[in-house]
Amino acid sequence: MSTREALPDLSDDVCARLREAFRRTSYDADGVVAALGGAAHAALGRGEPVPAERASRDAGDLGTLIRLFLLGGTEPETAVKAALAPLSPEEAVAAGVLASAREGYRAALDIRPHGDEEGSWWVVSDLDADLLGHTVPEDHVLGVGHASLSLIRATSRRPVGTLLDLGTGNGVQALHASRHARRVTATDVSARALALAAATFRLNELAVELVRGEWFAPVARRKFDQVVCNPPFVVGPARVDYTYRDSGLAGDDASALVVRQLPGFLNDGGTGHLLASWLHTSREDWADRVSRWLPAETDAWFVQRDVADPALYVGTWLRDAGLDPRSPEGRAKAAAWLDWFAANDVQGVGFGFVTLRRASGRTPTVVCEDLRQAYDDPLGPEAAGWLDRVEWLRESGDSLLDVRFVVPDTVLLESVDEPGDEGWETTIRRLHRTDGPGWQHEVDELATRLLAGCRGALPLADLIELLAAAQGLSPEELAAAALPVVRELVRHGMLVPAGR
């Protein structure tokens with residue numbers, strides 16, 4: 001497998017004329033949905049192109065662009081000429097945007113709308129294996145996939161001065177960063193990725209600094225207010241089949257490298273957001289493993305979203321590259337991969353989000369937790385809130401007993417009752433936060449009574465004294481038992497200081 005020699009040449013002039021054509025035809029996020037309709041657009045997202053192809057027939061020039069760039073179709077010269085004007089088909093071929101075909105032209109690049117609540121961009125990437133009809137080359141530049149979207153949703157969007165997009169790929173993380181960062185720097189080890197990211201930025205008229213190199217080397221001795229990273233985090237033998245997913249490092253060393261080095265490139269108080277994978281072995285808990293990656297003075301929140309069985313993991317990534325696991329090549333790669341897992345005692349592969357903050361001169365907070373339940377809200381605002389709450393707890397120190405707390409309206413108390421000798425008996429009491437990730441905490445009866453008094457009127461110390469008197473308990477012992485629970489509930493936004 002080899003990289004391609006020629007890089008696309010989407011110059012300022014080519015991008016300006018493409019942009020004019022796209023705007024004229026409404027080839028943007030809203031325009032495509034309006035042309036296809038909700039059902040056909042949803043089918044396209046599931047990899048079912050026929051409804052979208054049928055819906056595009058009545059969409060004129062926009063339909064031509066949809067069939068070219070989203071459906072991988074071949075379109076006649078007259079239709080392409082009309083849809084891309086003022087860029088001619090010949091110029092598009094010369095720039096690497098289109099390729100000549102027997103009956104007209106087809107897309108040579110994936111150029112598709114991508115939007116958020118504020119507007120729409122265009123993202124330039126390589127055609128995937130389905131449209132190519134074969135496995136992708138080593139230097140393949142991935143489109144906007146589920147991993148990219150999940151990192152977008154898991155990143156805090158509070159305003160910052162400087163932001164680093166480490167391993168930018170097609171540039172989509174930097175696009176979103178441009179909404180809240182004054183200056184954006186993007187790096188990649190792949191020359192092709194940088195060329196396509198540059199096209200993405202030119203097409204969208206964004207000024208992003210692009211530098212090439214491995215990991216943090218291109219920005220040595222620089223610091224940023226925020227770093228985002230979707231690294232090549234695939235776990236397995238030390239090899240590089242595809243630069244977008246393979247680091248050349250064995251196991252989870254790529255994720256470990258980013259977690260270990262990223263805080264050193266942050267200004268004090270700066271934050272990092274990344275996707276990561278980690279090994280599950282019989283010899284250690286995953287939380288102990290990832291915690292050892294951290295440098296000193298770093299707040300860290302590891303959120304595990306899934307744990308994959310090794311066989312399922314291997315099959316998924318083989319198919320991702322367009323390789324049939326039943327083919328001879330697929331069988332050989334799967335066998336070598338699974339052999340490596342077996343030799344390294346890999347029981348599963350964890351995947352999730354990591355939020356980091358440089359906390360110079362302060363005692364860091366490190367939390368590793370599972371979040372495998374389904375939820376709809378983006379994690380980015382929750383990550384920002386988690387960091388705020390951790391900082392508040394650190395600043396509050398031993399003064400929590402003086403704080404007046406409130407249970408938010410979004411927190412409910414659920415109970416599970418079982419029939420007993422004297423009627424229904426509560427066996428489980430569970431606090432459930434109904435917004436954000438939907439955190440849940442099981443609590444005992446004493447905790448529920450304490451929380452019932454958290455209405456902002458009395459400080460925690462008074463509530464504990466009242467409860468201790470009612471139960472015939474020592475206030476000091478009750479406080480010692482209650483404070484760890486209070487801190488955990490505060491971290492999860494299930495108990496908040498009155499007035500905040």
Side-chain angles (χ1 to χ4, degrees), residues 1-2 43-49 72 110 125-151 154 167 169-170 190 230-256 274-283 286 289-290 303-354 370-374:
M1 188 182 303
S2 62
L44 181 60
R46 298 192 302 268
E48 301 167 10
D110 185 308
S125 62
D126 280 322
L127 301 173
D128 64 24
D130 290 338
L131 295 184
L132 287 173
H134 54 77
T135 57
V136 299
E138 179 183 336
D139 63 349
H140 177 75
V141 179
L142 201 64
V144 182
H146 293 300
S148 296
L149 292 173
S150 64
L151 180 58
N170 59 43
S190 163
N230 182 4
F233 55 73
V234 172
V235 168
R239 57 183 296 168
V240 178
D241 289 335
Y242 307 102
T243 53
Y244 74 86
R245 74 172 203 195
D246 303 320
S247 65
L249 301 175
D252 50 14
D253 284 354
S255 296
L274 66 140
L275 299 178
S277 292
W278 38 79
L279 300 179
H280 282 243
T281 72
S282 62
R283 297 187 297 269
W286 75 271
R289 183 181 189 87
V290 300
V303 177
Q304 182 166 254
R305 289 293 289 135
D306 194 17
V307 180
D309 171 79
L312 175 63
Y313 186 83
V314 169
T316 297
W317 283 108
L318 289 177
R319 293 185 182 91
D320 177 79
L323 190 61
D324 186 347
R326 298 168 297 182
S327 68
E329 184 182 3
R331 287 172 180 265
K333 287 194 173 183
W337 209 332
L338 291 172
D339 285 347
W340 188 92
F341 279 156
N344 288 274
D345 186 36
V346 178
Q347 309 294 310
V349 179
F351 167 83
F353 307 109
V354 183
D370 274 298
L371 183 58
R372 299 196 221 178
Q373 71 264 28

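Computed from a predicted model, the values in this text were never measured in an experiment.
- Considering only residues two or more places apart in sequence or on other chains, Arg289 meets the salt bridge (charged side-chain N to carboxylate O under 4.0 Å, His left out) condition with Asp252, Glu284.
- Every residue two or more places apart in sequence or in another chain was checked for a salt bridge (charged side-chain N to carboxylate O under 4.0 Å, His left out) with Asp339, and none qualifies.
- With a 6.0 Å radius and a threshold of 12 heavy atoms from other residues, nucleotides or ligands, Arg326 has its CZ atom at or below the threshold.
- The side chain to side chain contact (heavy atoms under 4.5 Å, CB included) check on Leu142 picks up His140, Tyr244, with sequence neighbours excluded.
- Residues forming a salt bridge (charged side-chain N to carboxylate O under 4.0 Å, His left out) with Asp253 (at least two apart in sequence, or on another chain): none.
- Considering every non-hydrogen atom in both Pro232 and Ala254, the closest pair reads O-CB, 3.6 Å.
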Does Leu149 form a side chain to side chain contact (heavy atoms under 4.5 Å, CB included) with Val144? I'd like the steps, not just the answer. CA-CA 7 Å; Leu149 292 173; Val144 182; 3.7 Å; yes

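- The two residues Gly143 and Ser125 make their nearest non-hydrogen contact at CA-OG, 3.4 Å.
- Side-chain atoms of Arg372 never come within 3.5 Å of backbone atoms of Asp306 as a donor-acceptor pair (strictly under, hydrogens ignored).
- In this structure Ala308 satisfies the side chain to side chain contact (heavy atoms under 4.5 Å, CB included) test together with Tyr313, sequence neighbours excluded.
- Heavy atoms only, all atoms of each residue included: Ser255 and Ser277 are closest at OG-N, 3.0 Å.
- Between the side chain of Trp337 and the backbone N or O of Val235 there is at least one donor-acceptor pair closer than 3.5 Å.
- Listed here is the closest heavy atom pair of Ser150 and Leu275: OG-CD2, 3.9 Å.
- The CG atom of Asp110 sits 7.0 Å away from the CG atom of Asp128 when rounded to the nearest 0.5 Å.
- The structure places CG of Asp126 at 7.0 Å from CG of Asp139, a figure rounded to the nearest 0.5 Å.
- Residues Arg331 and Pro325 are not in side-chain contact: their nearest non-hydrogen atoms beyond the backbone lie 4.5 Å or more apart.
- Looking at every heavy atom in both residues, Val303 comes nearest to Trp278 through O-CH2, 4.2 Å.
- Between Gly330 and Leu318 the shortest heavy-atom distance is O-CD1, 3.8 Å.
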Donor-acceptor contacts, no H, no angles, side chain residues 340-354, under 3.5 Å, sequence neighbours left out:
{"unit_1": "Asn344", "atom_1": "ND2", "unit_2": "Trp340", "atom_2": "O", "d": "2.8"}
{"unit_1": "Asp345", "atom_1": "OD1", "unit_2": "Ser282", "atom_2": "OG", "d": "3.2"}
{"unit_1": "Asp345", "atom_1": "OD1", "unit_2": "Gln347", "atom_2": "NE2", "d": "2.8"}
{"unit_1": "Asp345", "atom_1": "OD2", "unit_2": "Ser282", "atom_2": "N", "d": "3.0"}
{"unit_1": "Asp345", "atom_1": "OD2", "unit_2": "Ser282", "atom_2": "OG", "d": "2.6"}
{"unit_1": "Asp345", "atom_1": "OD2", "unit_2": "Arg283", "atom_2": "NH1", "d": "3.4"}

